[in-house]
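From a predicted model like this one, the values you see are computed outputs, not experimental measurements. Indexing begins at 1, ligand by ligand and atom by atom, following the structure's order. The first residue of the sequence shown is numbered 1, and numbering continues consecutively from there.
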Amino acid sequence: METIRFSLVVPVFNEEEVLPITNQRLLDVMTSLGEAFEIIYINDGSRDRSGSIIRTFCKADSRIKLLEFSRNFGHQPAITAGMDHAAGQAIIIIDADLQDPPELIGPMIEKWRQGFDVVYGRRRAREGETWFKQKTATAYYRMLNRLTDVPIPVDVGDFRLIDVRVRDALLDMPEHNRYVRGLISWLGFSQTDVQFVRAPRLAGKTKYPLRKMVKLGIDGITSFSYKPLKLGIGLGIILSIFSFLFLIFVFVARLFDLVIMEPGYASLMCVILFFFGVTMIMLGIIGEYIGRIFEEVKGRPLYVISQRVGHFARKGRKTTGGD
Ligand code: UDP
Ligand code: MG
């Protein structure tokens, strides 16, 4: 069998409307490159006909393969599973909804041939996304870079090409709350970008509701920075200084009967509410980190595969079940 040069990793969650078009576009682009390739779809617990549609692709073409998850594990575990099973020298992660243009794969591979290990697609503009999503995304990336020591490129999603060496290095990063693009930045290697305009989704709705976006956002910050924990020290010091000054004032005032201190309900209430608020926020932040430690300590697999369809030249992680 010919050795596989390129692996495409395509996470799928309820994408039945777009899959036939996506598959055709991906096949066209990959065939035109003239080298052996494979397309690995990961069915992330879809509740529509995505799974059976992909099975028909696999039957028609042995280069197309499917990893079926036992339930919905999420986008980041899905692309991790795909990368784990990819046999190619270069691995390309691309969304199923055609928001990432497959035609960019050619230029990405060109950069890879020039010697770059990571080539990410940088969004020059986003079409068809709400004002809210665009603004929050920009603000978020700015904040992330301020908080972390790892430079994480702005306006870059998971659409990228990585060399097989980068994937092998990723296998040594078993963390659960994965923020794959951050992990790749952390690894280093030689990186470059190709620019594109992010098209609107071809069909269907976004599978990233605000809840999942917020979780991914928190994952990004907490897995690369513990600065939020240090917030407690700063706040604590400032508040302690004010408290101490106020304490002296109260003490002296009481001692020499400078002011009459009868009512005091309002001021007491303000102080108590304020300090409890700050304390609870800090407890929440600490809880967030402890929860993540808990998650890691349990050491469960990142995803569970219920079925593999097609011949996989690489078997992925040992702990992933399936077969
Ligand atoms: N996706 C997935 N599991 C999920 C959510 C999304 O595999 O739990 C896939 C989805 O099918 C798509 C990609 O991840 O191929 C990106 O999702 P989406 O297009 O909904 O995100 P957006 O582009 O709106 O950020
Ligand atoms: Mg999308």
By the definition salt bridge (Lys or Arg N to Asp or Glu O under 4.0 Å), identify the one residue from Arg160, Arg122, Arg123 that meets it with Asp193.
Arg122
Would a single hydrophobic cluster contain both Leu8 and Leu33, if residues Ile, Leu, Val, Met, Phe, Trp and Tyr are joined by side-chain heavy-atom contacts under 4.5 Å?
yes
Test: Arg142 cationic atom under 6.0 Å from Tyr140 six-membered ring centre, within 45° of axis:
no
Of all N/O/S atoms in Asp97, the name of the one nearest the Mg ion (ligand 2):
OD2
Arg47 and Glu15: salt bridge (charged side-chain N to carboxylate O under 4.0 Å, His left out), yes or no, with the steps?
CA-CA 10 Å; Arg47 288 180 274 275; Glu15 304 280 10; over 6 Å; no
Donor-acceptor check, side chain of Asp95 to backbone of Phe159, threshold 3.5 angstrom: yes or no?
no
Listing by chain and number, which residues have a heavy atom under 4.0 Å from ligand 1?
Pro11, Val12, Phe13, Glu15, Asp44, Asn72, Gly74, His75, Asp95, Ala96, Asp97, Gln99, Lys133, Arg198, Arg201, Thr206, Lys207, Tyr208, Lys212
Quick test of your reading of the model: are Glu16 and Arg49 salt-bridged, counting only N-O distances below 4.0 Å?
yes
